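Okay, structure first, notes after.
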Amino acid sequence: MGEVTDATKVRLDLNDGHKIPALGLGTVPSGDPSGVKDQVKTAINAGFRMIDTAWYYGTEKYVGEALKELFDEGVVKREDVFITTKVWPSYYHSPEKSLDESLQTLGLDYVDLLLQHWPIALSGDENGQPPAPKDNEGNLKYDDDPVNGTKFIEVYQNLEKILDNTTKTKSIGISNYSISRLNKLLPHVKHIPVINQIEYHPQLSKQRDLIELCEKNKIVVACYSGYGSEGAAVLKLPKIQELAKKYNVSTNEIANAYQILEGRVIIPRSSNLERIKSITGLPQLTKQELNELNQIGEENPKRYINDPWGYGIGFKGWEGDKLSEPL
Ligand SMILES: NC(=O)c1ccc[n+]([C@@H]2O[C@H](COP(=O)([O-])OP(=O)(O)OC[C@H]3O[C@@H](n4cnc5c(N)ncnc54)[C@H](OP(=O)(O)O)[C@@H]3O)[C@@H](O)[C@H]2O)c1
C-alpha cells in the first residue's frame, strides 16, 4: 500500500501572487439545484476550501446560503475559502454587471477568481438572456464569427478592467480556451490569465500540448469533468480501479491525484454527501503510474463534454463540431 496524504491541504501558486486550493467542489446541479447547499456545507466541513460556481449554473444562490451558514457557525471565515465564478458568453457584453449579479446572489463582496466561461459571444440581451439563444433552425445565435471572431479578446480585456478598477475579484482567468484561442489572446493581455479551466482526465492525454502551452505561460490548468461527468466513466477504467485497490483509496482519489500531483486543479461534483466526505485523500502515485494513466488516452481517448457552444473553438475530438480534428 502506498502513502496517502490530504488533498485539501494542497495549494497551487497563481501567476499573480495568489494561491488556489488544488481540490475544489464543482456546483453544476445534478437534479434539484437546492441540493448544492448541503453539498457545499459538507465539502467545507470535510476540509475543501474551494468552490467552483458560475452565473450559468443557477446554483450561486445555494452556494451563498451554504457560505452564510458556515460563516455564521464560525466553521470558516470569508478569507479561508476560495470562490470562483464565471461570465457566460450570452453576458459577454457586460462582464461587470454579470459579476455584480453573481456577487449579489452569492451574498459576497468579492470572488477570488472570475473566469471568462467560453471564448465566444452569444446573442444575449442586456441581462444575458437567453443563455443559449437559437435561430429558427435551432442553431446557436452568435454576435461574432464563432470560428474567426475576436470579440472574445475584448471580453477578457474587460475582465482586466474589473481587476484593475474594482475590488470585486482578486484574480481573473479563462475557461475553454484551446491552443489557437490562447495564442490569439496572449499578445493582447495586460494580465496573463491565472487559470484555464478545461476538460481534462487520463482519457484526454492527447490534449497534453494545450496543458504544456498553459504551463509555459504560467497558467494553472483547472480540470473539469475529471471523472467523465455524468456516469463517471473515467472512474471505471481498469487502471484507475487497479490503482485504487493498490493505495486502498476510492477511484475518485486516483482521478484527483492524477491532476493534483502534476500541479493542476480538479473540481469534482457529487450529489452524494457521503462521497464528498470520502474523496479528500491524495495517494502519492509514482511517476510511472502517472505515465500509465496518460497512456490510457493514447489507447482509449474520449472527450465527455461536447456542448454546441464548443464548436469551432479548436479542441480535438469535439463531437458534432465538423471542424474538430479527431483525438
Ligand atoms: N468551465 C466549464 O465549461 C465547465 C464545464 C463542465 C463542468 N465544469 C465544472 O466542473 C465540475 C465537475 O465536472 P462535471 O460536472 O462534468 O462532473 P465530474 O466531476 O466529472 O463527474 C460528476 C459525476 O460523477 C458521478 N460520480 C462521482 N463519483 C462517482 C463514483 N465513485 N461512482 C459513480 N459515480 C460517481 C457523480 O454522481 P453522484 O452525484 O451520484 O456522486 C456525478 O454524476 C462542474 O460541477 C463545474 O463546476 C466546468
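Nothing here was measured: the structure is a model prediction, and the numbers come from that model. Both counts, for ligands and for their atoms, begin at 1 and track the order of listing. When a residue number appears, it is its place in the shown sequence, counting from 1.
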Can you tell me if Thr166 and Glu96 form a side-chain donor-acceptor pair at under 3.5 Å? no
Purely on distance, is any nitrogen or oxygen of Gln197 under 3.5 Å from one on ligand 1? yes
Looking only at protein heavy atoms, identify the closest one to atom 23 (C) of ligand 1 and say how far it is in Å. Ser229 O, 3.5 Å
Using a 4.0 Å heavy-atom threshold (strictly under), name the region of Tyr57 that reaches ligand 1: side chain, backbone, both or neither. side chain
Same apolar cluster (I L V M F W Y, side chains within < 4.5 Å links), Val76/Met50: yes
Side-chain donor-acceptor pair under 3.5 Å between Tyr142 and Asp135, yes or no? no
Considering non-hydrogen atoms of the protein only, which is the closest contact for atom 15 (O) of ligand 1, and what is the distance? Arg269 NE, 2.5 Å
Ligand 1 atoms nearer than 4.0 angstrom to some heavy atom of Ala232 are 24 (O), 25 (C), 26 (N), 34 (N), 35 (C)
Work out which heavy atom in Ile296 is nearest to a heavy atom in Lys239; give both atom names and the distance. CD1-CB, 3.8 Å
Is the shortest N/O to N/O distance between Leu235 and ligand 1 below 3.5 Å? no
With backbone taken as N, CA, C and O and side chain as the heavy atoms from C-beta onward, which portion of Ser175 lies under 4.0 Å from ligand 1: side chain, backbone, both, or neither? side chain
Going by the 4.0 angstrom heavy-atom rule, the piece of Ile279 near ligand 1 is neither
Could you tell me which atoms of ligand 1, counted from 1 in the order shown, lie closer than 4.0 angstrom to a heavy atom of His117? 1 (N), 2 (C), 3 (O)
Can you find an N/O atom of Thr251 closer than 3.5 Å to an N/O atom of ligand 1? no
Are the side chains of Ser90 and Trp55 in touch, meaning some heavy atoms are under 4.5 Å apart? yes
Determine whether a donor-acceptor pair (N or O, by modelled atom type, separation under 3.5 Å) exists between the side chain of Glu253 and the backbone of Gly281. yes
Which ligand 1 atoms are under 4.0 Å away from a heavy-atom of Pro268? 19 (O)
Name the option, out of Gly31, Ser271, Gly310, Ser270, that contains the heavy atom nearest to atom 41 (O) of ligand 1. Ser270
Side chain, backbone, both or neither: which applies to Asn176 and ligand 1 if a contact is any heavy-atom pair less than 4.0 Å apart? side chain
Does Tyr110 share a hydrophobic cluster with Phe71, counting links as ILVMFWY side-chain heavy atoms below 4.5 Å and allowing steps through other members? no
Could you tell me if the ring centre of Tyr304 sits under 6.0 Å from that of His201? yes
Could you tell me which atoms of ligand 1, counted from 1 in the order shown, lie closer than 4.0 angstrom to a heavy atom of Gly228? 20 (O)
Can you list the ligand 1 atoms lying under 4.0 Å from a non-hydrogen atom of Ile267? 9 (C), 10 (O), 11 (C), 12 (C)
In terms of side-chain geometry, is the basic nitrogen of Lys246 or Glu292 positioned less than 4.0 Å from the acidic oxygen of its partner? no
Criterion side chain to side chain donor-acceptor pair (under 3.5 Å) against Asp112, the qualifying member of His18, Arg78, Lys19: Arg78
So which protein heavy atom does atom 31 (N) of ligand 1 come closest to, and at what separation? Asn252 OD1, 3.0 Å
What part of Ile198, side chain, backbone, both or neither, has a heavy atom within less than 4.0 angstrom of ligand 1? neither
Closest approach of any protein heavy atom to atom 47 (O) of ligand 1, naming residue and atom: Asp52 OD2, 2.7 Å
Out of all atoms in ligand 1, which are within 4.0 Å of some heavy atom of Glu230? Include the element for each. 43 (O)
Atoms in ligand 1 with a heavy atom of Thr27 nearer than 4.0 Å: 45 (O), 47 (O)
Donor-acceptor side-chain pairing of Asn272 and Ser270 below 3.5 angstrom: no
State, without any angle test, whether Thr53 and Glu60 hold a side-chain donor-acceptor pair at a distance under 3.5 Å. no
Contact partition for Arg275 relative to ligand 1, non-hydrogen atoms under 4.0 Å: side chain
For ligand 1, is Trp118 a contact, meaning one of its heavy atoms is under 4.0 Å away? yes
Please say whether the positively charged group of Arg181, taken as NZ for Lys or CZ for Arg, lies over the ring of Phe152, i.e. under 6.0 angstrom from the six-membered ring centre and within 45 degrees of the axis. yes
For Gly226, take its heavy atoms, then give the atoms of ligand 1 lying under 4.0 Å from any of them. 20 (O)
Whether the Tyr224 and Asn176 side chains hold a donor-acceptor pair (N or O, under 3.5 Å, no angle test) is what I'd like checked. yes
Co-membership, hydrophobic cluster, residues Tyr177 and Leu323, 4.5 Å side-chain: no
Can you tell me the protein heavy atom closest to atom 44 (C) of ligand 1 and the distance? Val28 CG2, 3.5 Å
Nearest-neighbour protein heavy atom for atom 2 (C) of ligand 1, which is reported as residue plus atom name and distance: Tyr224 CE2, 3.2 Å
Distance from atom 13 (O) of ligand 1 to nearest protein heavy atom, with residue and atom: Ser225 N, 3.1 Å
